[in-house]
Amino acid sequence: MTFVTGKMSKIMDTSTCFHCGTEVSRQDVIRFDEKDFCCTGCKTVYEIFSQNDLTCYYDFQSAPGATPSDINGKYDFLTDDKIVTKLLEFEEASTHIVSLYIPHIHCSSCIWILENLHKLQPGIGSSQVNFPAKTVRITFNPDQISLKTIVELLSSIGYEPYISLENYEGDKHKIDRSLIYKIGVAFFSFGNIMLLSFPEYFEVEEFWINQYRGFFRWLIFFLSLPPLVYSASGYYVSAWKSIRAKMLNIEIPIALGIIIMFVRSTVDIVMDYGQGFFDSMCGLIFFMLLGKLFQQKTYNFLSFERDYKSYFPIAITKILPNGEEEPVQVYDIVKGDRLLIRNQELIPVDGILISEKASIDYSFVTGEAVAIEKKSGDKIYAGGKQIGKVIEMEVLFSVSQSYLTQLWSNDVFQKKLESQHKNITDRISHYFTPALLLLAFVSFAFWIFINVDTAFNVFTAILIVACPCALALTAPFTLGNVLRIMGNRKLYLKNALVIEQMAKVDTIVFDKTGTITTNKKTAITYEGNELNSEELYLLKNTLRGSNHPLSRRLYDYLPPQKKATVTHFEEITGKGVFATVEGHDIKLGSSQFLKHLSENTHKKTKVHVEIDGVYKGSYVFNNQYREGLEQLFDQLSTQYQLVVLSGDNDGERKILEKMLPTGTTLVFNQKPEEKLAYIETLQNQGKNVMMVGDGLNDAGALAQSNIGISISENVNVFSPACDGILDATQFSKIAFFMQYSRNAMKTIYMSFGVSLLYNVVGLSFAVTGNLLPIVAAIIMPLSTITIVSFVTLMSNWYARRNYR
Amino acid sequence: MSVIYFLISISIVVAVFFLVAFIKAVKSGQYDDDYTPSVRMLFDDELIKKTKNNNQISITEEKQ
């Protein structure tokens with residue numbers, strides 16, 4: 001009952017925007033065409049669609065849109081032909097093709113509207129959406145329409161493309177589809193050989209079968225060549241490499257098994273001993289490639305390789321000495337240039353602020369959501385975003401020499417870390433391979449005194465049957481499945497190897513701002529004399545005029561109030577606001593501004609309130625910690641050494657010490673390079689370090705650590721280069737993921753046991769010299785199926801058991 | 001019974017044809033995006049209705 005009334009009242013005073021679904025209060029609603037809109041931006045998009053008869057957009061999904069943002073002048077650089085050429089995928093006289101990444105693509109309405117772009121704008125030939133990759137590929141005629149117009153059109157309907165410096169560098173990596181081809185070829189041969197082998201499985205000594213036996217066998221021989229030569233080629237290469245590196249990896253017995261199988265089978269049919277093992281050979285290759293494919297889970301919409309280039313704009317506006325504005329490519333910016341930075345634009349280089357003041361949001365860099373106020377003459381660093389008015393700055397360093405981008409010149413980013421550690425299968429095969437070879441030679445030596453023919457038979461049979469198909473499949477299938485389950489639970493890992501690494505971690509390092517604190521909304525609490533509704537009303541109206549970030553947050557925090565006329569308004573930079581509303585004097589701001597000296601709380605962010613000369617109290621902006629942080633650290637502290645690494649001052653040391661389990665190391669005032677060095681020191685002490693961070697300033701530490709996990713509020717948008725991206729809502733589940741990775745390894749060990757059992761059974765046939773082709777043909781797929789179902793069941797069971 | 005040579009050859013040729021078709025399809029990128037086509041397929045009805053409407057209105061209502 002209460003629920004219903006609650007909902008009713010909600011309907012009474014708020015309504016949702018028809019276009020973007022934002023809740024708006026009744027009085028602010030814009031009515032148009034009998035529909036509610038939250039702002040003119042949304043209304044305009046609706047108008048564009050309805051004029052062009054594209055309102056179907058709203059039929060597939062309710063409120064699918066996004067509010068178009070102000071892009072005035074942002075894409076001026078697209079008039080530069082050199083830049084445009086770099087962005088185009090295909091360029092010819094009357095046809096240009098461009099692929100644009102649009103983060104907002106999220107539903108079928110998006111696909112529909114983007115594929116009907118040609119109805120909005122003549123000159124666009126066709127457009128095709130790739131939903132998983134969130135890209136749209138637009139073909140257009142450059143005589144009728146420019147790329148700039150297209151980008152502006154997309155922005156005006158709420159689908160602003162994301163164009164960064166990375167697009168400019170533009171080495172479009174090719175997609176490697178060879179694994180699919182290999183599987184296709186292997187499956188083709190496997191299927192046909194199985195069919196052709198059927199008559200001989202039953203060994204009917206019948207006239208017709210005997211007559212065509214030779215034809216069937218030679219056909220099978222030729223069919224087995226493509227998988228042998230093409231599909232299995234990766235195993236020979238890998239085996240050869242590991243022999244040269246004097247390591248015994250799993251590929252050696254596999255390659256050996258395949259080759260022996262082929263040679264022995266060929267000898268069999270040439271000498272007319274039997275039908276050979278071509279069917280098992282192709283099946284083996286097919287199943288193992290399938291395992292590889294299964295392990296290859298890629299998240300198309302995510303990128304794990306981002307560096308500063310994917311954040312930085314391609315071009316920025318430069319002010320020429322004569323006052324003219326001109327777009328300039330960021331690599332061409334030199335010391336002494338004057339740049340114009342608009343609202344929401346990223347500052348690409350370090351420089352000095354020339355305009356009177358700026359408020360710069362460094363959340364990309366530090367994860368800190370509160371914008372920082374800068375005054376004329378202050379140094380501003382690359383990576384910040386200007387919020388508010390247009391500012392001017394003078395360049396001190398070029399892009400590559402800026403404070404933040406210099407981090408990328410560290411060695412960690414240069415060397416590609418080709419998995420220097422041995423994976424679990426290789427470690428097992430380190431024992432398995434010599435044991436197998438030993439067994440083969442001992443049996444051979446034993447039989448050679450009895451019968452030379454049998455000796456060769458046994459020798460080859462051992463290598464065939466022990467070909468560690470099941471063993472090699474265990475890890476790919478388990479890890480592939482775990483990767484998918486983790487993906488469903490919103491931890492997106494770069495590849496399956498990361499899971500093995502995760503199971504080995506003994507030290508977890510957390511960044512503070514943006515990682516263990518949320519940067520979405522900071523909890524605001526009030527201290528002092530309770531404000532009555534009249535006072536709240538005055539306060540809200542005072543705040544309406546102020547652009548200071550704290551004012552904006554406080555404004556959003558206060559309940560909606562009626563509008564009042566502000567007769568006097570004055571904002572003193574760095575101090576506060578003084579206003580007269582309906583005859584009342586209101587003073588907001590710092591304690592010095594209000595001349596109110598409170599107790600020692602200068603480390604907290606506070607906004608003090610004074611109404612008509614009477615001090616009322618203050619609003620405290622707490623750094624809000626993520627939900628479940630304390631429980632998470634309690635769970636983790638039993639098994640891991642925990643470290644909190646922060647770039648901030650130690651203002652919150654007391655709070656953190658109280659909240660987090662004893663033994664948690666707290667380190668403050670860490671610069672990006674120092675974070676990296678700290679991780680390195682831990683590693684030198686023999687620790688396996690996992691780093692959990694978010695901003696660009698953690699990029700070095702994320703790259704240095706054994707595993708770097710990046711926390712992201714919106715996985716589609718930003719995260720520095722890392723091994724895994726964790727959705728911020730799942731932060732409290734980190735303990736589960738750690739536990740799960742260790743259970744995954746346990747599953748692998750168990751299934752190694754099962755596959756060794758199969759090997760023992762197969763070997764007992766082989767050693768005694770009784771391995772018939774049909775036995776091999778049955779054991780091989782059977783073991784594969786058992787292993788695959790075993791690991792799938794186990795990993796799903798573990799996932800369910802530990803997830804709360 | 002020597003027809004079996006002929007029949008088996010045909011069956012292999014058919015199988016090879018499908019293998020080639022598969023590889024061609026993969027090569028042309030048809031399997032790269034396995035989600036959008038399934039959604040796009042359902043749009044056709046709206047498109048036909050739309051183009052009809054559009055022809056009548058587009059003359060008078062052309063966006064700028």
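In what follows, every chain begins at residue 1, and chains take the letters A, B, ... in the order their sequences are listed. Quick caveat: nothing in here was measured; it's all calculated off a predicted structure.
- In this view, His106(A) and His104(A) satisfy the ring pair (Phe, Tyr, Trp, His ring centres under 6.0 Å) rule, not counting sequence neighbours.
- Looking at Arg40(B), its side chain never comes within 3.5 Å of a backbone N or O of Gln128(A) through a donor-acceptor pair.
- Residue Ser28(B) holds its OG atom at 7.5 Å from CZ of Arg177(A), rounded to the nearest 0.5 Å.
- Separation of atoms CD1 (Ile183(A)) and CZ (Phe22(B)) is listed at 8.0 Å; rounding is to 0.5 Å.
- Contacts with chain A were tallied for Val16(B), Ile23(B), Val26(B), Ile12(B); Val26(B) has the most, counting heavy-atom pairs under 4.5 Å.
- Phe215(A) pairs by the ring pair (Phe, Tyr, Trp, His ring centres under 6.0 Å) definition with Tyr5(B), not counting sequence neighbours.
- Of the atoms belonging to Leu19(B), it is side-chain heavy atoms, and not backbone ones, that fall under 4.5 Å from chain A.
- For Phe187(A), no part lies under 4.5 angstrom from a heavy atom of chain B.
- Partners of Tyr31(B) by ring pair (Phe, Tyr, Trp, His ring centres under 6.0 Å), not counting sequence neighbours: none found.
- For Leu195(A), no part lies near chain B; criterion is any non-hydrogen pair under 4.5 Å.
- Heavy atoms only, all atoms of each residue included: Tyr212(A) and Ser2(B) are closest at OH-N, 3.3 Å.
- Residues of residues 221-233 of chain A lying within less than 4.5 angstrom of chain B, judged on heavy atoms, are Leu223(A) in numerical order.
- Using a 4.5 Å heavy-atom threshold, the side chains of Phe131(A) and Val39(B) count as separate.
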